[in-house]
> 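Please find one structure pasted underneath; my questions will follow.
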Amino acid sequence: MGEGAKTLSETITLAPNPVNKCFGCGGDNPGGMKLTFEQDNVNRRIIGRFVLGERYQGGAGFGHGGIIAVLLDEAMGKVCRFREVRAVTAELVIEYLKPVNVQQEIIVEGRETEQKGRNIFMVGEIRDTAGTVLARGKARFVIIAPK
């Protein structure tokens with residue numbers, strides 16, 4: 001490796017930033033979710049494991065659809081870290097395949113599929129611990145600045 005090149009560990013924990021007010025991942029939002037993710041530098045993906053709890057339920061003890069969208073948007077948005085850019089969600093499409101039980105652990109994953117100019121295209125999934133896909137997302141993020 002050349003002089004000055006940075007070496008990343010295989011995974012990095014992305015804990016809530018104590019000065020960020022983001023509803024999903026910020027640490028300075030009293031009503032926020034304070035989500036923690038893992039950045040997988042080998043496979044260039046973002047992964048989170050969560051038990052939502054009753055606070056985030058819709059009907060019948062299942063995760064609220066808006067919260068499912070937040071989880072996928074957060075995971076896919078954090079994938080922009082691999083390109084070292086600041087980007088915002090321009091389009092987000094969610095497929096709700098099966099109900100998400102708020103009392104059981106789920107795995108949320110995001111990864112990039114391609115980049116075209118300032119547009120970064122992402123996909124995401126929410127799975128249960130048995131690997132069943134509960135929801136899928138596709139998104140287009142637009143780069144607004146380097147990081």
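In this text the structure is predicted, and so the values were computed from the model without any measurement.
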> Measure from the ring center of Y96 to the ring center of F62 and say whether it is less than 6.0 Å.
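That pair fails the under 6.0 Å test.
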> Pick from E112, Q39, E109: which one makes a side-chain hydrogen bond (donor to acceptor under 3.5 Å, both in side chains) with R45?
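Single pass found, and it is E109.
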> When you compare the side chain of I126 with that of I68, does any pair of heavy atoms fall below 4.5 Å?
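The answer is yes, as the side chains (C-beta and beyond) meet within the 4.5 Å cut-off.
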> As a quick check of understanding, evaluate side chain to side chain contact (heavy atoms under 4.5 Å, CB included) for L72 and E74, giving each step before the final call.
CA-CA 5 Å; L72 288 165; E74 285 290 334; over 6 Å; no
> I'd like to check I67 versus M33 (side-chain heavy atoms, cut-off strictly below 4.5 Å). Are they in contact?
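The answer is yes; the side chains approach within 4.5 Å.
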> Between D40 (side chain only) and I46 (backbone N and O only), is there a donor and an acceptor less than 3.5 Å apart?
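Here the side-chain-to-backbone pair does not exist.
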> To the nearest 0.5 Å, what is the distance between CD on Q115 and CE on M122?
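Here the rounded value is 8.5 Å.
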> Are side-chain heavy atoms of I143 and R86 found at a separation under 4.5 Å?
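No, too far: nothing below the 4.5 Å cut-off.
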> Quick one: closest heavy-atom pair of A87 and F141, and the distance?
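Of all heavy-atom pairs spanning A87 and F141, the closest is CB-CB, 4.0 Å.
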> If you define the side chain from C-beta out and look only at heavy atoms, does anything of R140 sit under 4.5 Å from F121?
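Yes, at least one pair of side-chain atoms sits under 4.5 Å.
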> Can you confirm whether V108 sits close enough to F50 that some side-chain heavy atom of one is under 4.5 Å from a side-chain heavy atom of the other?
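In contact.
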> How long is the span from the CG atom in D73 to the CG atom in L71, to the nearest 0.5 Å?
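Going from the CG atom of D73 to the CG atom of L71 covers 10.0 Å.
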> So, do P99 and L134 sit near enough that their side-chain heavy atoms are less than 4.5 Å apart?
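No, their side chains stay 4.5 Å or more apart.
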> Output a table of donor-acceptor pairs, distance under 3.5 Å, between side-chain atoms of residues 11-27 and any protein atom two or more places apart or on a different chain; print 'none' if there are none.
from : atom 1 : to  : atom 2 : distance (Å)
T13  : OG1    : E38 : OE1    : 3.4
T13  : OG1    : E38 : OE2    : 2.9
N17  : OD1    : V19 : N      : 2.9
N20  : OD1    : C22 : N      : 2.7
K21  : NZ     : D28 : OD2    : 2.8

> Are any of the side-chain heavy atoms of V123 and R111 separated by less than 4.5 Å?
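When only atoms from C-beta onward are counted, R111 and V123 do touch, with a gap below 4.5 Å.
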> I would like to know whether R49 and E105 meet salt bridge (Lys or Arg N to Asp or Glu O under 4.0 Å); could you show each step before the answer?
CA-CA 7 Å; R49 293 180 171 270; E105 185 178 57; 3.5 Å; yes
